[in-house]
Amino acid sequence: IPCLKVATTEEYESYLAILPGETIYNIYNELGKKLLEENIRTFLQFRGKINKGIRNTIEQRPEYFFAFNNGITATATGITLNEEKTKIVKITNLQIVNGGQTTSSIYMAKKNLGYDISDVYVQLKLSLIKDKDKYNNFVRDISRYANTQNKVSDSDLFSNHGFHKEFSDFSKRIWAPPKDGYMKKTRWFYERVRGEYLNDQALLSAAKKKAFQLDCPKNQVIDKVFLSKSENLWRLRPVEVCKGAQYSFKTFAEYTTKEYEKEDYMITEAYFKSSVARAIIFKKLEKIISSSEWYDGGYRAQTVAYTISYLAYILKQDNKFFNFNIVWEEQDLREDFIALLKNL
């Protein structure tokens with residue numbers, strides 16, 4: 001790849017290069033989501049305004065793609081140049097930090113829609129990070145300051161924390177017991193990065209897509225913002241939850257970061273199962289409230305929040321602990337517990 005060296009410091013070196021669309025396609029075709037592990041989002045599909053614009057440019061005016069697109073920001077831990085120092089011949093640990101939507105859109109446009117991408121070119125801003133101990137902080141800052149095309153929230157920026165990666169690993173490995181009346185086990189899908197559930201199905205055949213949805217039903221998707229609300233309520237934080245999703249997530253992120261640093265084994269199989277059980281209670285309580293005779297259609301979120309936190313408060317006052325394992329094993333709530341929730 002022809003390149004221009006731009007800047008050098010003790011911490012990093014920076015390069016500018018031009019990537020042909022076909023090169024991007026081939027790299028993504030080989031590496032897939034591994035290329036975007038440090039990106040704060042997976043592919044958001046051709047639904048948002050930005051991604052629709054990328055698709056339309058590829059389809060209608062591919063020769064203008066370079067002019068219209070902001071390009072890709074990537075990191076590496078190693079770069080090999082040719083003897084003349086004018087071309088990059090090898091990149092170690094290439095990660096696209098900003099430009100995941102551009103990369104995925106180019107790939108999907110050719111793979112799924114059959115568009116010609118031979119006239120598509122993209123600017124690449126590549127940073128070689130010399131100090132590996134500062135790698136994560138460097139990537140986080142790039143995500144914060146370079147990501148401007150699609151709105152970035154605090155929850156997006158926190159999605160690469162070790163907590164979420166480990167929680168996601170458990171969600172891929174652990175099968176939930178079949179519900180009463182069903183034969184098949186299922187999994188609870190943890191959406192660590194926004195759009196991941198749809199993206200994991202995007203390239204599957206019809207048969208494999210159906211099998212994926214049977215294994216991971218849509219009603220068993222937990223995203224990181226929902227998880228923050230569910231967990232905060234059992235920590236007696238209904239105020240933060242009621243202030244809004246991002247406020248709740250900020251509180252959860254601060255707490256989780258401290259606990260994660262104190263305890264390397266914070267994420268265990270037992271913790272994962274208990275968290276899912278708490279999510280089941282949350283989702284079930286939403287349905288209970290919506291179907292109640294007294295409910296007039298307002299303040300459901302607040303009612304859920306204070307009901308769960310009130311239950312947690314009562315248990316704490318009595319020095320009791322809730323047995324989440326029963327909820328996990330049955331994947332549902334027992335009638336006596338439902339009656340208790342209704343009373344609360």
Side-chain angles (χ1 to χ4, degrees), residues 1-3 16-76 88 90-127 139 142-143 146-152 156 159-160 168 172 189 191-209 212-213:
I1 303 171
C3 69
L16 284 177
I18 306 299
L19 282 178
E22 290 288 350
T23 300
I24 293 174
Y25 176 87
N26 291 333
I27 292 174
Y28 191 84
N29 192 50
E30 181 176 343
L31 298 178
K33 291 204 303 181
K34 292 180 182 178
L35 189 64
L36 306 176
E37 285 179 342
E38 298 298 343
N39 198 281
I40 57 177
R41 286 179 296 247
T42 186
F43 183 46
L44 301 180
Q45 310 298 316
F46 290 122
R47 295 181 177 180
K49 180 180 178 182
I50 300 297
N51 290 9
K52 285 181 180 178
I54 294 175
R55 180 198 63 193
N56 292 340
T57 302
I58 296 173
E59 178 188 17
Q60 301 166 15
R61 307 172 77 184
E63 66 276 11
Y64 286 91
F65 194 91
F66 183 81
F68 294 166
N69 189 267
N70 284 343
I72 292 170
T73 300
T75 60
I88 299 173
K90 183 179 180 180
I91 301 176
T92 303
N93 192 25
L94 174 66
Q95 284 290 308
I96 292 177
V97 179
N98 173 241
Q101 304 308 307
T102 295
T103 303
S104 301
S105 294
I106 291 172
Y107 179 77
M108 296 295 186
K110 178 177 178 178
K111 181 77 173 180
N112 287 2
L113 304 177
Y115 292 168
D116 180 8
I117 60 172
S118 59
D119 289 330
V120 172
Y121 292 89
V122 180
Q123 173 186 274
L124 170 67
K125 184 168 64 175
L126 180 63
S127 295
V139 170
I142 291 175
S143 298
N147 229 309
T148 56
Q149 287 192 344
N150 282 296
K151 183 181 178 182
V152 178
D156 287 330
S159 63
N160 283 326
S168 178
K172 291 178 172 65
F189 188 97
E191 195 170 68
R192 180 177 68 87
V193 287
R194 190 150 50 104
E196 189 174 11
Y197 181 71
L198 289 176
N199 199 55
D200 278 7
Q201 305 173 54
L203 299 178
L204 299 179
S205 65
K208 288 184 177 179
K209 186 174 183 178
F212 177 90
Q213 292 173 348

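These numbers were taken from a predicted model, which means no experiment stands behind them.
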Closest heavy-atom pair, S104 versus L36, reported as atoms and distance to 0.1 Å, is OG-CD1, 3.7 Å

The reported gap from OG1 in T75 to CG in N98 (rounded to nearest 0.5 angstrom) is 11.5 Å

*asked:* Tell me whether the rings of F189 and F212 are parallel (<30°), tilted (30 to 60°) or perpendicular (>60°).
replied: perpendicular

OG1 (T73) and CD (Q123) are apart, to the nearest 0.5 Å, by 8.0 Å

Give me the ring orientation class for Y107 and Y28: parallel if the planes are under 30° apart, tilted from 30 to 60°, perpendicular past 60°. tilted

Minimal heavy-atom distance between I91 and A76, with the atoms involved, is CG2-CB, 3.6 Å

Rounded to the nearest 0.5 Å, the CD1 atom of I117 sits from the OG1 atom of T23 at a distance of 9.0 Å

By side chain to side chain contact (heavy atoms under 4.5 Å, CB included), N112 pairs with (sequence neighbours left out) M108, L203

Query raised in the report: Is there side-chain contact between F65 and T102, with at least one heavy-atom pair below 4.5 Å?
Result: yes

d(I106 CD1, I72 CD1) to nearest 0.5 Å is 6.0 Å

Rounding to 0.5 Å, atoms CZ (R55) and CD (Q101) come to a distance of 14.0 Å

For T57 and Y64, the nearest pair of non-hydrogen atoms, with its separation, is CG2-C, 4.4 Å

* Asked: Short question: side chain of Q95, backbone of K34 - any donor-acceptor pair under 3.5 Å?
  -> yes

Is it the case that more than 12 heavy atoms not belonging to Q60 sit under 6.0 Å from its CD atom? yes

Of all heavy-atom pairs linking I88 and C3, the shortest is CG1-SG, 3.6 Å

Note: I58 and S105 closest approach over all heavy atoms is CD1-O, 4.1 Å

Tightest non-hydrogen contact, residues E196 and E191, listed as N-OE2, 3.2 Å

Can T103 and I27 be said to form a side chain to side chain contact (heavy atoms under 4.5 Å, CB included), step by step? CA-CA 10 Å; T103 303; I27 292 174; over 6 Å; no

In this structure, CG of L124 is separated from CD1 of I96 (nearest 0.5 Å) by 8.0 Å

